[in-house]
There are 4 protein chains.
Amino acid sequence: MDRLIGNKLEKQNNVVDFDLSDVVINKKKVYEEIADQIRERIINGQFKPGDKLPSERLLAKNFGVSVPTIRQALGTLSATGYIKIIHGSGTFVTSYQTSPFLDLFDKKY
Amino acid sequence: MDRLIGNKLEKQNNVVDFDLSDVVINKKKVYEEIADQIRERIINGQFKPGDKLPSERLLAKNFGVSVPTIRQALGTLSATGYIKIIHGSGTFVTSYQTSPFLDLFDKKY
Amino acid sequence: MDRLIGNKLEKQNNVVDFDLSDVVINKKKVYEEIADQIRERIINGQFKPGDKLPSERLLAKNFGVSVPTIRQALGTLSATGYIKIIHGSGTFVTSYQTSPFLDLFDKKY
Amino acid sequence: MDRLIGNKLEKQNNVVDFDLSDVVINKKKVYEEIADQIRERIINGQFKPGDKLPSERLLAKNFGVSVPTIRQALGTLSATGYIKIIHGSGTFVTSYQTSPFLDLFDKKY
DNA sequence: GTGGTCTAGACCACT
DNA sequence: GTGGTCTAGACCACA
């Protein structure tokens, strides 16, 4: 949908070798970027507790990445309690009642 | 700034480092030599636009150098627009239509 | 034992279940029909030994059935030696040399 | 080396549907099987504390599986403290001193 | 030349 | 028709 993974090709920069200390900082893995975006939509309320997320295949297509990359992103969201993955059914936004300690893991919440 | 670029690349020299004074001039760095050879094949048409290059590992093996050296060669070809490197997929020869200004960057041609 | 196999496969019937008595006889199950069609193409030579079959998803789409139905059809072809299913790679037509006893298992041919 | 993953093609068995309660039991994922084998060698002393394991690529080749599958196996061994993975260096057997509580995680030890 | 991440797409298992 | 696992092999980043 959004295709916001703009930093994909930026890694090509084999720039000069002085003072890169302030350049490297916002290097983010693709799956982290995607996890952030999905988490943000959950927090924004675009994805509400109990909602079913799009399928992994559709997410992969919309984000322009492969299925395993989506799975890695969903895996972190699952591990931090934002979503619940149910085999054969789908991926659902966790209701707050069942995971009241989200902010212990992620300060953005 | 230029010197620092030079420092970065010095690690390639696992050759003599005595009495460089009169040798250095027309000595070509290994990765430049390799970049030249690949570029030449693109210009010759041995590698055509859209073609997929051999993998970095295979190139490294065939040229008898390490993968990072190959990456440096491919990096310059990428920066000058001859090839397009796509993470997870491969390295592809750029079609001329999409990079009409090749020679603006690379003074050798 | 035979009846139990039959029970397993009944889920395919999302068709009429009234007055089956005189229909059931020459009614072919969907997955058998599909297996027949694929087998026929193997025998005709449209699919040659070593060929890779279309993916389960694509077959499902083309035959207008679900993936599990296709899997059932492929399963019988695999059991009777016509094809070899390799996880993560694909489904391949068996070469006759390696399965010389095909018709011992499948009485239809 | 040993190519002991014998159960690879066994999954093809779409056997009859009666009383599978005692059949399904020893279904094991490929990466778990491999993790078990490596762990066993560590316990046996074939791989000693401080030893460097073969590279992921070599393990993949020797076990006849893909690199990500090996990585999954090594990931569980790393999580349970048997090995330590060092980026750019290799994978090493953990010395007992640094992980004295191995058996809390795995009863086989 | 290692481990790390990603692509693309297959078959498997659950519902 | 979903999520789960796997293949095969690419480029990336560290040492």
Side-chain angles (χ1 to χ4, degrees), chain A residues 5 8-9 11-12 14 24 27 29-32 52-61 64-72 74-75 78 85-92, chain B residues 11 52-61 65-71 74-75 78 85-92, chain C residues 11 52-61 65-71 74-75 78 85-92, chain D residues 8 11-12 14 24 27 29-32 52-61 64-72 74-75 78 85-92:
Chain A
I5 321 287
K8 200 175 189 178
L9 296 175
K11 310 169 192 167
Q12 316 263 359
N14 36 357
V24 175
K27 192 71 120 336
K29 285 163 200 136
V30 175
Y31 75 90
E32 289 176 344
K52 182 178 185 175
L53 293 185
S55 75
E56 296 178 337
R57 286 173 179 79
L58 186 53
L59 286 171
K61 194 176 164 191
V65 300
S66 70
V67 170
T69 302
I70 289 293
R71 284 184 58 72
Q72 225 168 343
L74 295 182
S78 173
I85 300 172
I86 300 177
H87 187 179
S89 288
T91 302
F92 301 88
Chain B
K11 52 184 167 181
K52 184 178 184 174
L53 294 185
S55 76
E56 294 179 336
R57 271 171 211 275
L58 186 52
L59 287 171
K61 193 176 163 190
V65 299
S66 71
V67 170
T69 302
I70 290 293
R71 284 184 57 71
L74 295 182
S78 173
I85 301 172
I86 299 178
H87 188 180
S89 289
T91 302
F92 301 88
Chain C
K11 52 183 168 182
K52 184 178 185 173
L53 293 185
S55 75
E56 294 179 337
R57 270 171 213 276
L58 185 53
L59 287 172
K61 193 177 162 191
V65 299
S66 70
V67 170
T69 301
I70 290 294
R71 283 184 58 71
L74 295 182
S78 173
I85 301 172
I86 300 177
H87 187 180
S89 289
T91 302
F92 301 87
Chain D
K8 199 177 190 177
K11 311 170 193 165
Q12 316 264 358
N14 35 355
V24 175
K27 191 72 119 339
K29 283 164 200 134
V30 175
Y31 75 88
E32 288 175 345
K52 183 178 183 174
L53 293 185
S55 75
E56 296 178 337
R57 287 175 179 79
L58 187 52
L59 287 172
K61 193 176 163 190
V65 300
S66 70
V67 169
T69 301
I70 290 293
R71 284 185 59 72
Q72 225 168 343
L74 295 182
S78 173
I85 300 173
I86 300 177
H87 187 180
S89 288
T91 302
F92 301 88

Side chain of D:Lys29 - closest among F:dG3, F:dC6, E:dC6: F:dC6
Nucleotide nearest A:Thr69 when distance is taken to its side chain, options F:dC6, F:dG3, E:dT7: E:dT7
Residue-phosphate contact under 4.0 Å: D:Thr91 side-chain N/O, E:dG3 OP1/OP2: yes
F:dG9 OP1/OP2 closer than 4.0 Å to side-chain N/O of D:Ser66: no
Quickly work out the [X] [atom1] to [N] [atom2] distance and round it to whole Å.
X: C:Lys61; N: F:dG1; atom1: NZ; atom2: C1'; answer: 14 Å
X: C:Leu59; N: E:dG9; atom1: CG; atom2: P; answer: 16 Å
X: A:His87; N: F:dG3; atom1: NE2; atom2: P; answer: 9 Å
X: A:Phe92; N: F:dG3; atom1: CZ; atom2: C1'; answer: 11 Å
X: C:Lys52; N: F:dA8; atom1: NZ; atom2: P; answer: 10 Å
X: D:Arg71; N: E:dG3; atom1: CZ; atom2: P; answer: 9 Å
X: D:Ile70; N: E:dT5; atom1: CD1; atom2: C1'; answer: 17 Å
X: C:Leu58; N: E:dA8; atom1: CG; atom2: C1'; answer: 15 Å

All stems with DNA chain E, defined as three or more consecutive Watson-Crick or G-U pairs under 3.5 Å: E:1-14 with F:1-14
Given DNA chain E, 5'-ward residue of the pair D:Gly90 and C:Glu56, judged by closest heavy atom: D:Gly90
Residue whose closest nucleotide on DNA chain E lies nearer the 5' end, D:Pro68 versus D:Leu53: D:Leu53
Exercise: identify the closest heavy-atom pair between A:Ser66 and A:Ala60: C-CB, 3.9 Å
Touch class at under 4.0 angstrom, heavy-atom based, for A:Leu74 against every strand present: nothing
B:Val67 or D:Val67, whichever maps to the more 5' nucleotide of DNA chain F: D:Val67
All side-chain hydrogen bond (donor to acceptor under 3.5 Å, both in side chains) counterparts of C:Glu56, not counting sequence neighbours: C:Arg71
Sequence-distant partners of B:Thr91, side-chain hydrogen bond (donor to acceptor under 3.5 Å, both in side chains), two or more places apart: none
Rounded distance [0.5 Å steps], CZ in B:Phe92 versus CD1 in B:Ile85: 11.0 Å
Distance in Å, C:Leu59 CG paired with C:Thr69 OG1, rounded so as to fall on 0.5 Å steps: 12.0 Å
